[in-house]
Amino acid sequence: MLGDSAFFVYLCSKYDFYFYMRKTLLFVLMLVASAMTALAADSKALQSILRADTYAEVESLINSQLNVLPSNQEKAKAYNHLTRLAVLTFYDESVKSAVDKRKVMELGLRAMRAADLCDEYDMQPGADGQVRPKYRDDNYISIALLADAVVDGCCEIAEAKNYEQTLKYIDAFCHYAERPLLKKKDLLKSHPKIDLIGFYGGQAAFMLNKFARAAELFKLAMNSGNESVRNFAREYYSISLRYAQQGQ
């Protein structure tokens, strides 16, 4: 049977494989979940969560039954199931002939949120006091690989000059990128398009008179390989910082 690591590597690194085999992958996903349920003697509450096969249903069950789950490990397992479904939904939308970048971005952010919640419980100690993360590496792979689509969606909204929406989504991306799951490899600074996040996010924050935030975002674009972006970011970083210090 396809193991957890193999599942995520194939799913998240090969779009073509996913496009032709997604039904098979969904079947394998259910087999893996069923096998793990049988072996681990999961609580009845967790079993009901793992049997659900849509994001909305799983999210609803988690929201209503999270406090009933007896351990951090079961909570992590529940959120890992939610993360898998979020990633599958993201790729389903990504391979459509007419891709809605904004919808894909929102689905990507949803997957980032689910993975972050999974990681929060995955990194908690077990009954013996030891921390043994089970899902972190696989979830890092899947979320890091879908980050491009989230960035592209943010940029598309920014180009429409919708400053409030731009800052909302860019702040969400930066929030999850700075959480422990993605921060361990410094995704926020190492992503190849992070200068665009800083450039567009900085502009949006500046236009909304949020100068301290504008300075933080412009700083991400100050070493851009694009000379125009780099010069703009450096100039407006200084202006934003001055306005912020003056209390404007």
Side-chain angles (χ1 to χ4, degrees), residues 1-12 14-15 17-96 100 103-124 126 132-146 149-150 172 176 179 181-182:
M1 183 181 292
L2 189 63
D4 276 359
S5 296
F7 176 84
F8 274 103
V9 170
Y10 276 108
L11 173 62
C12 300
K14 295 189 179 296
Y15 278 69
F17 176 84
Y18 176 77
F19 179 75
Y20 292 108
M21 299 296 290
R22 64 180 183 272
K23 289 184 179 178
T24 301
L25 285 170
L26 282 167
F27 177 68
V28 171
L29 174 62
M30 294 302 104
L31 285 178
V32 171
S34 298
M36 291 176 68
T37 298
L39 291 173
D42 297 323
S43 66
K44 289 184 178 180
L46 181 57
Q47 289 178 38
S48 68
I49 292 171
L50 297 179
R51 281 196 296 268
D53 60 1
T54 67
Y55 182 94
E57 185 181 3
V58 172
E59 183 179 45
S60 177
L61 286 169
I62 289 177
N63 288 340
S64 65
Q65 299 188 45
L66 185 65
N67 291 334
V68 179
L69 298 179
S71 67
N72 289 322
Q73 288 66 41
E74 286 213 350
K75 292 173 182 177
K77 193 171 184 177
Y79 275 116
N80 186 60
H81 185 47
L82 186 69
T83 301
R84 286 184 168 208
L85 292 173
V87 171
L88 286 169
T89 306
F90 166 85
Y91 280 111
D92 261 336
E93 189 66 31
S94 299
V95 297
K96 289 183 177 178
D100 182 337
K103 184 174 182 180
V104 168
M105 174 201 64
E106 290 175 342
L107 291 172
L109 286 171
R110 189 172 76 171
M112 293 176 82
R113 175 181 177 274
D116 178 58
L117 289 167
C118 175
D119 193 63
E120 183 177 328
Y121 289 105
D122 198 28
M123 294 303 294
Q124 295 297 315
R132 297 185 179 88
K134 187 174 182 179
Y135 308 109
R136 171 169 271 209
D137 289 343
D138 289 337
N139 284 341
Y140 174 83
I141 292 170
S142 62
I143 299 305
L145 286 170
L146 60 76
V150 175
Y176 293 122
R179 293 285 292 161
L181 175 65
L182 297 177

Problem set entry | Closest approach of D42 to Q47 (non-hydrogen atoms, all atoms of both residues) | O-NE2, 2.7 Å
Exercise. Between CG of D138 and OG1 of T83, what distance do you get to the nearest 0.5 Å?
Worked result: 11.0 Å
For this session: Could you tell me whether the side chain of L50 reaches within less than 4.5 Å of the side chain of K77, counting heavy atoms only?
Result: yes
Exercise. What pair of heavy atoms forms the shortest contact from K75 to L66, and how long is it?
Worked result: CE-O, 3.3 Å
For this session: Only counting residues at least two apart or in another chain, list the ones meeting salt bridge (charged side-chain N to carboxylate O under 4.0 Å, His left out) with D100.
Result: none
For this session: Go through the structure and list residues passing side chain to side chain contact (heavy atoms under 4.5 Å, CB included) with A45, not counting sequence neighbours.
Result: S43, Q65, V68, L69
Problem set entry | Counterpart residues, salt bridge (charged side-chain N to carboxylate O under 4.0 Å, His left out), relative to E57 (two or more places apart) | none
For this session: Verify, without hydrogens or angle tests, whether T89 (side chain) and L85 (backbone) share a donor-acceptor contact under 3.5 angstrom.
Result: yes
Exercise. Taking the side chain as C-beta and beyond, is there a heavy-atom pair between F90 and I143 under 4.5 Å?
Worked result: no
Distance-only criterion, 3.5 Å: show the donor-acceptor pairs between side-chain atoms of residues 104-116 and protein atoms not counting sequence neighbours.
| unit_1 | atom_1 | unit_2 | atom_2 | d |
| --- | --- | --- | --- | --- |
| E106 | OE2 | Y169 | OH | 2.6 |
| D116 | OD1 | R179 | NE | 2.9 |
| D116 | OD2 | R179 | NE | 3.2 |

For this session: Could you tell me which residues satisfy salt bridge (charged side-chain N to carboxylate O under 4.0 Å, His left out) with D122, sequence neighbours excluded, listed by chain and number?
Result: none
For this session: Please name the pair of heavy atoms, one in E93 and one in K96, separated by the smallest distance, quoted to 0.1 Å.
Result: OE1-NZ, 3.0 Å
Exercise. CG/N139 to CG/L117 distance, rounded to the nearest 0.5 angstrom?
Worked result: 11.0 Å
Exercise. Rounded to the nearest 0.5 Å, how far does CG of L182 lie from OH of Y140?
Worked result: 6.5 Å
Problem set entry | Pairwise distance OG1(T54) to CG(L88) - rounded to 0.5 angstrom | 12.0 Å
Exercise. How many angstroms lie between atom SG of C118 and atom CE of M123, to the nearest 0.5 angstrom?
Worked result: 11.0 Å
Problem set entry | Exam field: side chain H81 to backbone L46, donor-acceptor pair closer than 3.5 Å | no
Exercise. How many angstroms lie between OG in S142 and OH in Y135, if you round to the nearest 0.5 Å?
Worked result: 13.5 Å
